[in-house]
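Only one structure is covered here, and it is reproduced in the block below.
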Amino acid sequence: YDSALIKYCRASDQGYEMAQSNAAWLLGKDDVGHHHPFEDRHLASLHHLEKAALQGNVDAHRMIGDHYYYGLSGGGGKNNTPDYEQAARHYTLAGEQKNAHANFNLGFMHQHGV
């Protein structure tokens, strides 16, 4: 996967939205990009997702929400503090565009008082 990640990152930097999403997905996998510390991979993933979201990728907003929900957005790796307000903001942006997964996540947050 590392070779694919390098190519996706190049295409992402050139503005190709699908490559931005794919690079973000690969960076989030535990078995890819071992030369990067955990938090750096998740920050890089968030960076690619933000670029994809700016180009209208609705699912990228949902995945950005996941980064905030699970505390993967601030460079602290697995021990980072979740930011539920930002998670809800991105889930709402995706949900308003009919993303069922984002709407489910919002419902889950409300059900559990988050």
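In this structure, the side chain of Gln55 engages the main chain of Gly15 through a donor-acceptor pair within 3.5 Å. Distance alone, capped at 3.5 Å, is enough to place a donor-acceptor pair between the Arg41 side chain and the Lys29 backbone. A donor-acceptor pair under 3.5 Å is formed between the side chain of His67 and the backbone N or O of Met63. No side-chain donor-acceptor contact under 3.5 Å links Ser12 to the backbone of Tyr8.
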Margin query: Does Tyr91 form a side chain to side chain contact (heavy atoms under 4.5 Å, CB included) with Phe104? I'd like the steps, not just the answer.
Written below: CA-CA 9 Å; Tyr91 290 153; Phe104 172 86; over 6 Å; no
Notebook entry, point to check: Can you check side chain to side chain contact (heavy atoms under 4.5 Å, CB included) on His61 and Asn99, steps first, answer last?
Noted result: CA-CA 10 Å; His61 276 293; Asn99 185 286; over 6 Å; no
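Separating the NZ atom in Lys51 from the OG atom in Ser21 is a distance of 11.0 Å, to the nearest 0.5 Å. Separating the CG atom in Leu106 from the NE2 atom in His110 is a distance of 5.5 Å, to the nearest 0.5 Å. Atom CD of Gln97 sits about 11.0 Å away from atom CG of Asn103, to the nearest 0.5 Å. Here the NE2-CG distance, from His48 to Leu26, works out to 10.0 Å after rounding to the nearest 0.5 Å. Expressed to the nearest 0.5 Å, how far CG of Leu72 lies from CD1 of Ile64 amounts to 13.0 Å.
Shown here is Tyr16, whose OH atom has no more than 12 heavy atoms of other residues, nucleotides or ligands within 6.0 Å.
Tyr84 and Tyr68 have their aromatic ring centers separated by at least 6.0 angstrom.
Taking a cutoff of 4.0 Å between a charged side-chain nitrogen and a carboxylate oxygen, Arg10 and Asp13 do not qualify as a salt bridge.
Of all heavy-atom pairs spanning Ala52 and Ala60, the tightest one is CB-CB, 3.9 Å. Ala23 approaches Leu5 most closely through the heavy-atom pair O-CD1, 3.8 Å.
Screening Glu17, Arg62, Gln20 for a side chain to side chain donor-acceptor pair (under 3.5 Å) with Asn57, the sole residue that qualifies is Glu17.
By the rule that hydrophobic residues join a cluster once side-chain heavy atoms approach within less than 4.5 Å of another member, Met18 and Trp25 end up as members of separate clusters.
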